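Here the structure comes first, spelled out in structure tokens, and everything after it is commentary.
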Amino acid sequence: MQVHESYIKKKKIFRFILRKEMVELVVDDAINADHTTVYLSQEKMNELQLFLGDLIMLTGRKYRQTICVALVNDSCINDHVQINSTIRRNLRVRFGDRVSIERCQDVKDGTHVRVLPIDDTLQGKFDVVIEDYLKSYFNDNHRPVKEGDIFAIHSKIGVIEFKVVQTEPSPYCLVTRDTTITCDVDSSIRYDEDEYENFIDIRYDRIGGLEDIKNEINRLTHGILFYGPPGCG
């Protein structure tokens, strides 16, 4: 009994220490950002003892996590983090939500990564073209990937989205020139409607006017947004 109580106590202490190492930041938009990068202020980078290109773990709703590269943007507010729409969707967060970040150490180089195209975005595109764009997307970019995440490739034939279904090692790794990437077009998957199609990311900048009211609402609350037809006030 004493051994069991001692184990529980140590586990609680470990969780407390782990929580202290994590920092919560407010989600902002990152326009035209890469799907594997997020932006912090230089002050926040210094505070967290992060260097350009360091890998960080972000935790969003329902403990959804992903790994990204930390970069600096002078326009980023100190207690905010700029995240693009793809990463927000993976984390299930919207503008004004909070995400936890922590340094992600010991991310190993991947030996194999398996991805599947999202059927809704595939639309009969040729296998060889998809392989070419995948190679270009990952080529010498040292991208971190995590099982369950979706990423998008913008190409001349449109946007094709893929889901990372398996990584070796699991559940995340760093893609290098030695990593084998496999993609089976015949095994394309569809969106999980509950998780993706019903996750609407409505932004304040889609509301015309009413700047004072929007700023006041944003200051008092996070995640609540009233919207309607233009001109309704």
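No experiment lies behind these values; they were computed from the predicted model shown. When reading the values below, keep in mind they use all heavy atoms of this one structure, side chains included, and skip hydrogens, waters and symmetry mates.
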> How would you list, by chain and number, every residue that makes a side chain to side chain contact (heavy atoms under 4.5 Å, CB included) with P169, sequence neighbours excluded?
Replying inline: K108, C173
> Which atom pair, heavy atoms only, marks the closest approach of I181 to V175?
Replying inline: CD1-CG1, 4.0 Å
>> I need the S170 OG to K146 NZ distance, nearest 0.5 Å.
In response: 8.5 Å
>> To the nearest 0.5 Å, what is the distance between OG on S100 and CG on L25?
In response: 8.5 Å
>> Would M57 and R103 count as a side-chain contact (heavy atoms from CB on, under 4.5 Å) here? Give the steps.
In response: CA-CA 6 Å; M57 176 78 75; R103 184 193 299 274; over 6 Å; no
> Is Y39 reachable from L52 through a run of hydrophobic residues whose side-chain heavy atoms are each under 4.5 Å from the next?
Replying inline: yes
>> Is it the case that the side chains of T176 and D178 hold a donor-acceptor pair, with the cut-off being a distance below 3.5 Å and no angle test?
In response: no
>> Using ring centroids (six-membered ring only for Trp), state whether F151 and Y137 fall under 6.0 Å.
In response: yes
> Do the side-chain N and O atoms of Q166 and T182 include a donor-acceptor pair separated by under 3.5 angstrom?
Replying inline: no
> So, for L58 and V99, which heavy atoms are closest and what is the spacing to 0.1 Å?
Replying inline: CD2-CG2, 4.3 Å
> Hey, is CG on N139 packed in by over 12 heavy atoms from elsewhere, all under 6.0 Å?
Replying inline: yes
> After noting the C-alpha distance and the side-chain angles of I77 and V26, does the key distance pass the side-chain contact (heavy atoms from CB on, under 4.5 Å) rule?
Replying inline: CA-CA 9 Å; I77 302 173; V26 179; over 6 Å; no
>> With heavy-atom distances below 4.5 Å as the criterion, would you say the side chains of L174 and L55 are in contact?
In response: yes
> Sub-3.5 Å donor-acceptor pair from the side chain of H35 to the main-chain atoms of A152, do we have one?
Replying inline: yes
> Does the side chain of D28 come under 3.5 Å of the side chain of Q82 through a donor N or O and an acceptor N or O?
Replying inline: no
> Where do L40 and L50 land on the side-chain contact (heavy atoms from CB on, under 4.5 Å) test, with the steps shown first?
Replying inline: CA-CA 10 Å; L40 304 170; L50 292 173; 4.0 Å; yes
>> Could you report the tightest heavy-atom contact between N84 and I87, atom names first, then the distance?
In response: OD1-N, 3.1 Å
>> Can you give me the closest heavy-atom contact between V69 and G53, atom names plus distance?
In response: CG1-CA, 3.5 Å
>> I need the L91 CG to C68 SG distance, nearest 0.5 Å.
In response: 7.0 Å
> Just checking, any donor-acceptor pair under 3.5 angstrom between side chains of T66 and D149?
Replying inline: yes
>> Could you tell me if the side chain of V38 sits less than 4.5 Å from the side chain of I56, heavy atoms only?
In response: yes
> What is the minimum heavy-atom distance between T179 and H112, and which atoms define it?
Replying inline: CG2-N, 4.0 Å
>> Using the side chain to side chain contact (heavy atoms under 4.5 Å, CB included) criterion, which residues pair with N78? Sequence neighbours excluded.
In response: S41, E43, K44, E47
> About how many Å separate CD of E147 and CD of E168, when rounded to the nearest 0.5 Å?
Replying inline: 9.0 Å
> Is there a side-chain contact (heavy atoms from CB on, under 4.5 Å) between D109 and T111 once you walk through the steps?
Replying inline: CA-CA 7 Å; D109 292 348; T111 57; over 6 Å; no
> Just checking, is any N or O donor in the side chain of T36 or D34 under 3.5 Å from an acceptor N or O on the other one?
Replying inline: yes
> How long is the span from the CD atom in E24 to the CZ atom in R98, to the nearest 0.5 Å?
Replying inline: 6.5 Å
>> Quick check with a 6.0 Å cut-off and a 45 degree axis cone: is R88 positioned over the face of F95's six-membered ring?
In response: yes
>> Using every non-hydrogen atom in the two residues, find where D184 and L116 come nearest and quote the distance to one decimal.
In response: O-CD2, 3.6 Å
>> What's the separation between atom SG in C104 and atom CD1 in I67, rounded to the nearest 0.5 Å?
In response: 3.5 Å
>> Quick one, L134 and I160 - any side-chain contact, counting heavy atoms below 4.5 Å?
In response: no
> Should P144 and Y172 count as side-chain neighbours, where that means a heavy-atom distance under 4.5 Å?
Replying inline: no
>> So that I can tick it off, tell me whether D97 and R61 are bridged by a salt bridge, with the cut-off set at under 4.0 angstrom between side-chain N and carboxylate O.
In response: yes
